[in-house]
2 protein chains.
Amino acid sequence: MSVKERKERERAARERLIVAAARELAEQQGWDAVTTRRLAERIEYSQPVLYSHFRGKREIIGAVALEGAAELASAVRAATAAVNGPRERVAALARAYLDFAERNPAVYDAIFQLDGGLAYAQEDTPEQLKDAFAALMENLAEVAGDGIEPGLFTEVFWASLHGIATLTRTKRLLPEYAEARVELLVDRLAML
Amino acid sequence: MSVKERKERERAARERLIVAAARELAEQQGWDAVTTRRLAERIEYSQPVLYSHFRGKREIIGAVALEGAAELASAVRAATAAVNGPRERVAALARAYLDFAERNPAVYDAIFQLDGGLAYAQEDTPEQLKDAFAALMENLAEVAGDGIEPGLFTEVFWASLHGIATLTRTKRLLPEYAEARVELLVDRLAML
DNA sequence: CAGCGATTCTAGCATTGCTAGACAACCGAG
DNA sequence: CTCGGTTGTCTAGCAATGCTAGAATCGCTG
């Protein structure tokens, strides 16, 4: 049954190709430009092929979101691993998070803004999303403060970062305050 | 020239009708359901009429956003006016803000999520948007803390509220923490 | 190498935002 | 009161969108 296995490998490879193409196109020209036709053209297949891998455009966004969530998690862990001291660790986390959002706006949107048909904060939430939240909580639990549940604190800190990330990207905040916002947020929210 | 005036009044009335219909439809069925055809049908005119008032769908969203921003500003002012004590005033502001976002999700999206073709944090930013920010700053300046510019503090507090509002609405945060999040945010960010 | 099953494509549907050009209504002059 | 012209509105249509049915083609198996 080697033939079947080969076909499955090829199929998986093509699926990765679709996700990669969608992501690249979205980062280059925004999600609006990610149409089924353009996507099909990029992978050099016809549109119906997309629907043999994904239920629709929404699921493709979801696939990009999962890939991105895994990257966000490791970006956060990588940025905090080598840092000594809780305060600097939290600041590094905040900068890594905002940096990821700025460098991968389309992927960030796929994870947090667009509808990728994924469940959040529930049992059936995909591993990658749970793990991204876990990566935040690992570094934030130690500064949550007495009597504050780490999960609650992480939600608030995360929401603040998310607000800054999205409002910054849509040019609703003053660029010159960027660094000061992070400092203020970390100094006030984290209990040291 | 009474005829001209009458026509202008009628025109203005129809414009309000369009904005109201767009808003109502968006709140009922989401912005995706706000198509030019459905909107035209609701106001009992044909689609091209919409384009004699607005450059396109984007501008209609923008009009809803401006109307909403004015309401948000007065909602915040109304909620804080009668409250004594800085801490309770800030808490009231936070609740009023989140309440507005929850009660008018489509309008909130028009203001802060969708592209209504409006400028933000600039000179040519519409009055309504500047005033909404001002309404926040009026109540937040007193708790910014020493050496922290009110504008900076307001941006951070606002971003945090925005993050909570959007993540809550897309079911990415735990509902049971809703009240605790506000308490934590106010207690930590505000300097009392 | 022939036939059959899986795969991929062509072609098309309904819906979207937006626009051109035909048509009608209405105001003001004679 | 009628006619001309401006102003306003509608019908019809464009290209692009997500998605799908059915034809065509490819490649494995006997």
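Among the heavy atoms of the strands lying under 4.0 Å from Arg14(B) are primed sugar atoms or P, OP1, OP2 only; no base atom is included. Backbone-only contact: Arg38(B) has heavy atoms under 4.0 Å from sugar-phosphate atoms and none from a base.
What separates CG of Asp32(A) from P of dT16(C) is a distance of 16 Å, to the nearest Å. The distance between atom CG of Asp115(B) and atom P of dG17(C), rounded to the nearest whole Å, is 15 Å. One can place NE2 of His53(B) at 14 Å from C1' of dC10(D), the figure rounded to the nearest angstrom. With rounding to whole Å, Glu44(A) atom CD is found 11 Å from dC9(C) atom P. Counting to the nearest Å, the P atom of dG13(D) and the CZ atom of Arg37(B) are 13 Å from each other.
Ranked by how close their nearest DNA chain D nucleotide is to the 5' end, Thr35(A) and Arg55(A) are led by Thr35(A). Comparing Thr36(B) and Pro48(A) along DNA chain C, the residue whose closest nucleotide (by nearest heavy atom) sits nearer the 5' end is Pro48(A).
Annotation: cation-pi pair Arg14(A)/Tyr45(A) present, NZ/CZ under 6.0 Å from the ring centroid and within 45° of its normal.
Here the closest heavy-atom approach between residue Tyr51(B) and residue Gly56(B) is recorded as CE2-CA, 3.8 Å.
For the pair Glu142(B)/Pro150(B), no side-chain contact is recorded, criterion being any heavy-atom separation below 4.5 Å from C-beta on.
Checked by distance alone, Gln47(A) brings no side-chain donor or acceptor within 3.5 Å of a matching partner on the base of dC9(C).
For Tyr108(A) and His162(A), the ring centers sit closer than 6.0 Å to each other.
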